[in-house]
Amino acid sequence: MDPYPPVLRRCLEELQKLPGIGPRSAQRILFHLLSRGGAGGLAEALSNLERDVERCPACRAYRNRGEECPLCDDPRRDPSLLCIVESPGEVYLVEATAEFRGLYHVLHGLLSPLRGVSPAALGLESLLRRIREREVEEVILATPPTAEGEATASYILEILKERVGKVSRIGFGLPVGSDLQYVDSQTLSRALTGRRDLMKAP
Ligand code: ZN
């Protein structure tokens with residue numbers, strides 16, 4: 001017989017679906033929550049996620065449903081610069097460097113024929129529309145330095161090079177194959193300032 005009561009077993013199973021959470025961590029989190037009288041606040045915050053949050057149709061990062069986008073609608077941002085990242089988490093990593101005050105485009109994935117990810121999934125249509133409508137002068141390709149990240153960057157460069165004055169690539173100081181989520185803020189900061197102009201590269 002399972003030593004856990006069914007309610008706790010269900011919680012453990014749900015916790016273990018989270019990235020980086022194994023059985024031991026799930027157990028630690030669960031008993032921590034129980035010792036503090038439950039997880040009412042956490043449960044309430046999470047239960048409204050789908051209802052209250054949506055992808056911004058312009059940058060594809062998240063915003064409160066039907067409200068202004070804290071990135072696109074911020075008048076202090078420089079609309080001539082646009083940074084392309086793989087996932088929403090990377091928007092906040094770039095923000096933490098304070099090196100970039102432009103706009104973003106979140107791909108929500110990388111091109112991968114093996115995993116069936118095609119260009120249509122990356123929202124490039126809406127990216128091109130924005131580039132036409134707003135005066136974008138430079139696009140920074142901040143996909144990770146992995147095989148899929150490089151392939152995605154090359155593909156986007158081909159599409160953009162006739163349409164934007166400058167397309168650049170982060171890279172300086174980033175270990176090859178690294179996931180940007182694990183790169184520290186200083187390294188990412190150097191990678192942004194030391195970006196290469198791909199239109200000038202041989
Ligand atoms: Zn937005």
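All ligand and atom numbering here is 1-based and tracks the order in the structure. Starting from 1, each residue takes its place in the sequence as its number.
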request  = Please report the shortest heavy-atom distance between Ala58 and His105, naming the atom on each side.
outcome  = O-ND1, 4.2 Å
inquiry  = Using a 6.0 Å cut-off, check whether atom CZ of Arg101 has over 12 heavy atoms from anything other than its own residue.
reply    = yes
query = Near the Zn ion (ligand 1), which protein N/O/S atoms are found at less than 2.8 Å?
reply = Cys56 SG, Cys59 SG, Cys69 SG, Cys72 SG
query = Hey, which of Glu90, Arg77, Arg60, Glu95 is the one that makes side-chain hydrogen bond (donor to acceptor under 3.5 Å, both in side chains) with Tyr104?
reply = Glu95
key: Separation of Glu54 CD from Asn64 CG (nearest 0.5 Å)   = 9.0 Å
request  = Report the distance from atom CZ of Arg129 to atom CG of Leu127, rounding to the nearest 0.5 Å.
outcome  = 10.0 Å
ask   = How about Thr143 and Glu150: do any of their side-chain heavy atoms sit closer than 4.5 Å?
value = no
